[in-house]
Amino acid sequence: MAVYTNDLSLPALPVPNLAETCELLKQNIKPLADTPVWEKTCAALERFLTGEGPALQKLLEQHRAALPLNSSWLKMIWDDMYLSYRGSLPQGMNYSFEFNMENWSLAALIAGLCGTIDDIRRGQLAPEPTKTGFLSMDALQHMIYTRIPGRTRDILYNPPLDAPFSVAVACRGHWFVMTMIDEKGTLLSPAAVQDTLDQIRKLAGAAGIAPCLGAITAGGREEAATVRSEIQENSINRMNLESIEKTLFAVCLDDGEASGEGFAHTLLGGEPAGRWFDKSLQIIASKEGRVGVNIEHSGCDAAIWIYTINDAYEKSLAGKLPAGKGAPHIRRLEWKLGAETEKRLRDMGESFKQMMGGISVRQRKISAASREAIKAKKCSPDAFAQLLFQAAYYKKTKRACSVYEAVSTRNFYQGRTECVRPVTQESADFVKAFCEGAAGKEELSGLFRAAEKAHAAGINIRQQGLGPERHMAGLREMYNIYAGTAKGVAKPALFDDEGFAALRYDKISTSSSTAPYLDYFGFPPVVPDGLGVGYGLKADALYLTVSSYGKSDVSADAYLDNIEEAALRLLEILS
């Protein structure tokens, strides 16, 4: 299969050197802690390096050696971390994209994705190239799935792609399964898809009040598993759930209004009756024609979905979408639920809406800080953006905090992401001087260039698979697995260290995605007093979606105002 041809020739993700990891952690923690805390953390790292660390490192290397050729030692650890999450998926796991639909339509997106998934099934999609080779495409094999809730750990169900393609469609809380082929076995054209969606809207409008089934995917995972088991006791319900879980993705036809930034919030949450957050992909369309997606994160990352949707978009522009014109089969799912179960679903739905109501989501398009404008200053656009994020926080709080930035490691087989820590001593020095106003233009420019260089060095280390935090996650997992066994070691004091905890407390969580049709990328904060920052550096502007809670140190509105002000000032300094 051509799409996977190059995967097995890619190198395996390395296990970083323990001493180098400890040294990088010292550097990462220093700008976040006062001197006594940092010195205490350095001492804890030294004890770890000469104490429990080597034994855990040996166990991790043995774990890697036992895997098949080139397999990622991180995959099992990553899967366990994500699938053991017990909270609400839309609050703590899923993310969203909002699309610019100027050059295509909802029906073209649906038809195009089915065509692209068929190409994946046939092995006809080209692997993603780099300047020196190709990236790992292994995640394509796992991207179509439904996350099944369990009481202690979830599982991912991957439907066989050789079955007739179908999608789940929600409208007014009613769920339908729509086959994506006509009676001749041809994938549906956009026109046929649109006709079918119009028919589903009419059927849903005449079907009356629907039970809040989607709520089982919106709350905590333990409760979701319990209620799902209750629903499955009826054979009709069990078949209905299986039907949804076997579909390629969900399409959510919203009936309410979602103007302005309300649609950004709807993409992250929305009416739970019309969502299935366990699906790897939900396409969400507002009544007034806005379109976006909600994506479950455990199975694969944004870059894989962007590559897949890019292919569907290019098919649409080139007029190469499926051409089936016949009538597909539509089935509305009817449920057999007791009064207590229906009430429990309604209660879960209300709890979810209250929870999501506590999240503020704001968007901003900063034209002055476009990718081209930044590059004209001979700057790294990503370093520029990350320094804006730090400066905007410092202006309000007068302190640095831990910032998370995701970077791809798909240059390794089964690679996903590594964590970059953009807050360095160099960035902290620049941000303090920039915000406190004592430094002149020339000094600020020099401090910026030093911070930019440190940022590039940090990304380079992570892209080589040598980042310290995934390494530490592996060492922690070895402790969890072997604690209390003959191979076990005492719990390292480092795991409870104040400075180490401060580094891992992602007050500002950031991630970037860009595509011609993609305007906004959003996700909730990952800590109660934090910020979620999705950004895209496009040729015409910096696109930002910022989320915050009431407990956040800075509101989303104030944070965006600070970013825009800092962008204009920094561009002037660098002129």
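Nothing fancy with the numbering, it's 1 onward along the sequence. Atoms considered below: every heavy atom in the structure, side chains included; atoms not considered: hydrogens, waters and symmetry mates.
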Could you tell me whether the side chain of [X] and the main chain of [Y] form a donor-acceptor pair under 3.5 Å?
X      : Y      : answer
Ser445 : Lys441 : no
Asn294 : Gly269 : no
Asn17  : Ala19  : yes
Trp78  : Arg470 : no
Arg153 : Ser84  : no
Ser511 : Gly534 : no
Asp497 : Phe500 : yes
Trp38  : Ile29  : no
Asp154 : Gly150 : yes
Tyr95  : Ala302 : yes

Would you say the side chain of [Y] lies within less than 4.5 Å of the side chain of [X], judging by non-hydrogen atoms?
X      : Y      : answer
Tyr82  : Met93  : yes
Val489 : Leu56  : yes
Lys432 : Lys398 : no

Side chains of [X] and [Y]: is there a donor and an acceptor less than 3.5 Å apart?
X      : Y      : value
Arg399 : Tyr393 : yes
Thr510 : Gln386 : yes
Arg86  : Thr152 : no
Ser402 : Arg421 : yes
Gln57  : His471 : yes
Ser427 : Gln390 : yes
Asn310 : Tyr517 : yes
Lys279 : Thr146 : yes
Gln363 : Glu98  : yes
Asp382 : Tyr535 : yes

Checking side-chain contact (heavy atoms from CB on, under 4.5 Å) for the pair Leu494/Met472: CA distance, chi angles, key distance, verdict? CA-CA 10 Å; Leu494 176 66; Met472 288 301 299; 3.6 Å; yes
Gap between atom [atom2] of [Y] and atom [atom1] of [X] - 0.5 Å precision:
X      : Y      : atom1 : atom2 : result
Glu372 : Asp540 : CD    : CG    : 9.5 Å
Leu67  : Gln414 : CG    : CD    : 8.5 Å
His455 : Phe384 : NE2   : CZ    : 13.0 Å
Thr417 : Arg462 : OG1   : CZ    : 12.5 Å
Leu25  : Arg504 : CG    : CZ    : 10.5 Å
Thr21  : Leu49  : OG1   : CG    : 10.0 Å

Which heavy atom of [X] sits nearest to which heavy atom of [Y], and what is that distance?
X      : Y      : result
Asn70  : Ser9   : ND2-C, 4.5 Å
Val361 : Ala264 : CG1-CB, 3.8 Å
Cys300 : Trp305 : SG-NE1, 3.5 Å
Ala126 : Tyr307 : O-OH, 2.7 Å
Thr308 : Leu140 : OG1-CD2, 3.6 Å
Phe134 : Pro127 : CD2-CG, 3.7 Å

Check this for me: does any side-chain nitrogen of one of [X] and [Y] sit under 4.0 Å from a carboxylate oxygen of the other?
X      : Y      : answer
Asp553 : Lys396 : no
Arg364 : Glu564 : yes
Asp138 : Lys75  : no
Lys551 : Asp529 : no
Asp519 : Lys538 : yes
Arg151 : Glu222 : no
Glu52  : Lys491 : no
Lys40  : Asp34  : no
Arg410 : Asp7   : no
Arg449 : Glu452 : yes

Looking at Lys453, I'd like to know if its NZ atom is crowded, meaning that more than 12 non-hydrogen atoms belonging to other residues, nucleotides or ligands lie closer than 6.0 Å.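 12 or below, so no.
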side-chain contact (heavy atoms from CB on, under 4.5 Å), paired with Phe249, selected from Ile295, Leu281, Val293: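 Exactly one candidate clears the test, Leu281.
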Consider side-chain contact (heavy atoms from CB on, under 4.5 Å). Of Leu59, Ile77, Val15, Leu60, which one does Leu475 pass it with?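 Answer after filtering Leu59, Ile77, Val15, Leu60: Leu60.
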Step through it carefully: locate the ring centre of Tyr157, locate the ring centre of Tyr145, and say whether they are under 6.0 Å apart.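 No; Tyr145 has its ring centre 6.0 Å or more from that of Tyr157.
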Examine Tyr4 together with Tyr413 and report whether their ring centres are nearer than 6.0 Å.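 Aromatic pair excluded; centres sit 6.0 Å or further apart.
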Taking only residues two or more places apart in sequence or in another chain, which ones pass side chain to side chain donor-acceptor pair (under 3.5 Å) with Asp311?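 For Asp311 the side chain to side chain donor-acceptor pair (under 3.5 Å) partners, ignoring immediate neighbours, are Thr116, Lys315.
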Could you walk me through whether Leu388 and Glu565 pass side-chain contact (heavy atoms from CB on, under 4.5 Å), step by step? CA-CA 9 Å; Leu388 291 184; Glu565 180 185 325; over 6 Å; no
Can you list the steps and then say if Val403 with Lys507 is a side-chain contact (heavy atoms from CB on, under 4.5 Å)? CA-CA 6 Å; Val403 179; Lys507 187 67 72 77; over 6 Å; no
Going through the checks in order, is the side-chain contact (heavy atoms from CB on, under 4.5 Å) test met by Thr409 and Gln463? CA-CA 5 Å; Thr409 55; Gln463 287 177 332; 5.9 Å; no
Can the positive tip of Arg476 be found less than 6.0 Å from the middle of the six-membered ring of Phe495, inside 45° of the ring normal?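 Yes, Arg476 and Phe495 form such a contact.
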What pairs with Tyr543 under ring-ring contact (aromatic ring centres under 6.0 Å, His included), at least two apart in sequence or on another chain?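 With sequence neighbours excluded, Tyr543 shows a ring-ring contact (aromatic ring centres under 6.0 Å, His included) to Tyr520, given in chain and number order.
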